[in-house]
Colleague: 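Take a look at this one; I'll ask things after.
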Amino acid sequence: MIGGNAYARNTPSARLDRGIATLINAIDSKDFLRLYIQFFRDFISFDMAMITVYDHDNIVAHFFDTFPQGTSDLALRKYTESTFRFSPFFQYHRLGIKNGVYLMEKLAKGAVLKRPVDDTNELEIDASEEVGYATFGWPKGLKELDIAVRLSATKTAQIALYRLGADTFSEKEIEYLSSLQQTITTIFLKYWNIYGNSLANYNDPIDRALNSMGGERLTNRERQILKLVIRGMPSELIAKQLDIGRETVKSHRKNAYQKIDISSQVELLARMLDHMTGIG
């Protein structure tokens, strides 16, 4: 029967189908990263999550997390500034980790890893942790499962799922997520190809201000044009610099204004100033 019954609509395959459709429809949405994490929660239990991207020997930025309020302010600042270098995932990223699903406790056993030997101001040695050490302020007693998505020859996305307590992720759960690897990778790559440049400039004050105004929905071209508008460049010069038509510039600018709910350059500059002042 067309439409099926309630049981058929709630089978794992039906939930998977709905989840994939939701993510595809949300590619242009401000809520994509939240929905991307929710996609995993429909099939595997976890308490917290984080999405981070690395490039070469550096961390591009941490883009999303579900840590308790206050934890991320302290621990993630230490992590993004220094202690990420001791992350087994990051070290395997530098070695060319492949797309896949990995248990942190297995990554941590790698013979090639660089490990801290003494406590520092940012990091403490703790044999009870599955990697043997932890960033100060990081939640204790976590079991971590990592999904690696290669974004380019030098960039890797880490989708980290965490459980509190002693329950590790089972082989069955790992196998199930591994069976979705192509879907997981393709959807995140699509999102990155649209918004990667703006996310990679996460620490730029103008980009951060735009993001706080809802700019995660902007395409790379829309963001590029808005940043030139903010610098006072008229449409004619923007078109010349980007080698596109003036009407194309106007179209992108109009779409960008709609996405961040403004109607004029004056309003853009005023809101930008307010948000940049708030960033500090």
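For clarity, every value in this text was computed on a predicted model and none was experimentally measured.
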Colleague: Does this structure show an ion pair linking Arg85 with Glu122, if we count only N-O contacts that are shorter than 4.0 Å?
Modeller: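 Looking at Glu122 together with Arg85, the answer is no, because their closest N to O distance does not fall below 4.0 Å.
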Colleague: Quick check: closest heavy atoms across Pro139 and Phe67, and the distance to 0.1 Å?
Modeller: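 Result for this residue pair: CG-CD2, 4.0 Å.
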Colleague: Write down the atom of Asp57, the atom of Phe90, and the distance for their closest heavy-atom approach.
Modeller: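 It is O-CZ, 3.5 Å.
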Colleague: Taking the cut-offs as 6.0 angstrom to the six-membered ring centre and 45 degrees off its axis, would you call Arg115 and Phe86 a cation-pi pair?
Modeller: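 The answer is no; the distance or angle limit is not met.
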Colleague: Once ring-ring contact (aromatic ring centres under 6.0 Å, His included) is applied, what residue pairs with a partner in residues 168-187 remain, sequence neighbours excluded?
Modeller: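 Output for this query lists Phe43-Tyr176.
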Colleague: Between Arg94 and Gln91, do the side chains contain an N or O donor and an N or O acceptor separated by less than 3.5 Å?
Modeller: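 Not at all, the side chains of Arg94 and Gln91 share no donor-acceptor pair under 3.5 Å.
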Colleague: Which residues pass the side chain to side chain contact (heavy atoms under 4.5 Å, CB included) test with Glu236, not counting sequence neighbours?
Modeller: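 Here the qualifying residues are Pro234, Arg246.
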Colleague: Please give me the minimum heavy-atom distance between Ile44 and Arg163, naming the atom from each residue.
Modeller: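 Heavy atoms only, the tightest pair is CG1-NH2, 3.9 Å.
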Colleague: Below 4.0 angstrom, N of the basic side chain to O of the carboxylate: do Lys140 and Asp126 qualify?
Modeller: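 Looking at Asp126 together with Lys140, the answer is yes, because their closest N to O distance falls below 4.0 Å.
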Colleague: Can you give me the closest heavy-atom contact between Glu222 and His252, atom names plus distance?
Modeller: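 Smallest heavy-atom distance, with atoms named: CG-O, 3.7 Å.
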Colleague: Considering non-hydrogen atoms only, spot the tightest contact between Asn99 and Arg150 and give its length.
Modeller: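 Residues Asn99 and Arg150, closest heavy atoms: OD1-N, 2.6 Å.
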Colleague: Below 4.5 Å, heavy atoms only, C-beta onward: do Ile97 and Tyr102 meet side chain to side chain?
Modeller: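 Yes - at least one pair of side-chain heavy atoms lies under 4.5 Å apart.
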Colleague: Looking at every heavy atom in both Lys155 and Ser152, which two are closest together, and how far apart are they?
Modeller: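 Looks like N-OG, 3.1 Å.
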Colleague: Under the salt bridge (Lys or Arg N to Asp or Glu O under 4.0 Å) test, which residues partner Lys143, sequence neighbours left out?
Modeller: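 If we apply the salt bridge (Lys or Arg N to Asp or Glu O under 4.0 Å) test to Lys143, skipping adjacent residues, there are no hits.
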